[in-house]
Amino acid sequence: MILTGVLLAVIGLGLVGWFSARGRARLLYTGRGSMHSMPSYHGWHMALWIIVPALLAWTAWSFMMPGLVDGTVLASPAAAQLPPDAMSRAAILSEARTVASNPNAAVFNPLSATLAESMGAAQQRFGLIGGLIVLIVALAGGGYGLTRVRAGFPARTQVERAVLGVLLLASLMAILTTFGIVASLLFEAGLFFKDVSPIAFLTGTHWAPGNAGGENISDNFGAVPLFWGTIYIGAIIAMLVAIPLGLMSAIYLTQYASSKVRKVLKPMLEILAGIPTVVYGYFAALSVAPIMRDFAASIGMSNPSTESALAAGMVMGVMIIPFVSSMADDSLAAVPRAMSDGSLALGATRSETIKRVLLPAALPGIVAGVMLAISRAIGETMIVVMAAGAAARLSLNPFDSMTTVTYQIVQLLTGDQEFNSPKTLSAFALGLVLFIVTLILNIIALRVVKRFREAYE
Amino acid sequence: MSNAVWQTPEAVRRLAKRHAAERRFRLLGLSAIVLSLAFLALLLVIMLENGLGGLDWQFLTGSDSTNPDLAGVWGAAKGSMLTMLVTLVLSFPIGVLAAALP
């Protein structure tokens, strides 16, 4: 409460500082070239000196305060009745914190009501102390800033440097987040591989994390059926749909369609990429899968399941079509005009030119596009969750239900989970494998595209 | 004259074959794009057919409920909007500032 008010006060002080420093700097202005920096830069310099240190102090205090408050409350005489074990202590303390901020809150533990009083007092006291510290820091920063308002002071350089620092911080944020994600993945996967051997994980064929435990724990974490399901659905069935349709669409759009037709058809094709994957998911599960099941029954399969790799893979392929198509489009357009003109001038028909000249020349780009498409398909989650099924099995039959890495991660991490069991941790190992495979595919694809671009420039 | 060479029955036949292949290829391209768009149309038709009937003001403004007649998406929509808001507030400044780094 108090700290929020202090924050507003600091911003107000910054505003006051901005105006006063600018006003003082204006008084110093005696003519062209009499000052290093414009008055408003002095204002900004002053405001930064007030706000930045105060904000740092405020953040530090916000982190420290709960600990200090808890320490005071625990030292109070009422706290002597607290149960000794840490967990119920923390529960009562947090309840007291709720009561202190909202006296009407329901109380489960009578002790917390008595603690709430000292909790509230401690919060008040430490809030006041923290607010004073922050204000003092702000005023000290402001005092320092005020002494800098001199004609020769390079306020502009300083402000520019501060802005550069902010920009650098913003770009580091993205990089640090990525590193954080990778680090957490590595750390949790490391915990998992402490219990389960990596070789058993990568080569085993029995996946049953639910009944893992005891001596032969590694036997239940064979992830090969998952990898097979992922590859079968994402890289084989989906690509069998997406590559011919996407490639032929791109060829038609770039080589045959008039620009008017192209202007209509291309955005319509892109709509396919804009449909939420959840919608694809229920489309696969509710519309495509029953058709597949009936079809499987009609060709004599006994007891076909509603969840099939074929339904999930086909719908995923449809989702990927615009992706493949636009990548192929780009690489076909990058082939120099002279090559296809030369072929046409020799008397080849358009389709012969496309098959013999354009496609070979554009092949690296197309392959790269397909790789990116695969990396998208194997990371796709919603469609397989809805349509592919949970049974981890190694099967070549596309009408069987199959499971994928992403589906299993969803299964392992949704709901209440304990984070010390290998069952939960295996999700991170699966995520790590998925991440590495996707990363490799992306790196190869980008390399190929880069080399290909260079070849024609 | 070269005309004689190009108009022998064999050459004419070969040319016709090549032109037929050309037409086939073109048709293949067109059918690929038509098939893709047919998927899109099918998806939209199924969605509209099953969804339009349930869409009314009550559905748009109602909150979660165990009673299907009262249930609506307003609560969920609000959650989506708040998620979008948080994403915007986080990513817009950081993204723009990171892009501005000289």
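Worth saying up front: this structure is predicted, and the values here are computed from it rather than measured. Reminder, nothing fancy here: chain letters follow the sequence lines and each chain counts from 1.
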For the pair Glu22(B) (side chain) and Thr349(A) (backbone), establish whether a donor and an acceptor sit closer than 3.5 Å, ignoring hydrogens and angles.
->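 A pair under 3.5 Å: no.
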Return the [atom1] to [atom2] distance between [X] and [Y], rounded to the nearest 0.5 Å.
X         : Y         : atom1 : atom2 : result
Phe283(A) : Leu42(B)  : CZ    : CG    : 4.5 Å
Leu37(B)  : Ser249(A) : CG    : OG    : 7.5 Å
Lys266(A) : Ile33(B)  : NZ    : CD1   : 9.5 Å
Phe39(B)  : Met314(A) : CZ    : CE    : 4.0 Å
Ile94(B)  : Leu172(A) : CD1   : CG    : 11.0 Å

Using every non-hydrogen atom in the two residues, find where [X] and [Y] come nearest and quote the distance to one decimal.
X         : Y         : answer
Gly347(A) : Arg18(B)  : O-NH2, 2.9 Å
Ala170(A) : Ala98(B)  : CB-N, 3.8 Å
Ser171(A) : Leu101(B) : OG-CD2, 3.4 Å
Leu35(B)  : Leu245(A) : CD2-CD2, 3.7 Å
Leu167(A) : Leu97(B)  : CD2-O, 3.3 Å

Proximal component of Leu247(A), with respect to chain B [non-hydrogen, under 4.5 Å] |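 No part of Leu247(A) comes within 4.5 Å of chain B.
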Taking every heavy-atom pair that is under 4.5 Å apart, which of Ser36(B), Ala21(B), Gly95(B) has the most such pairs with chain A?
->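 The option with the most such pairs is Ser36(B).
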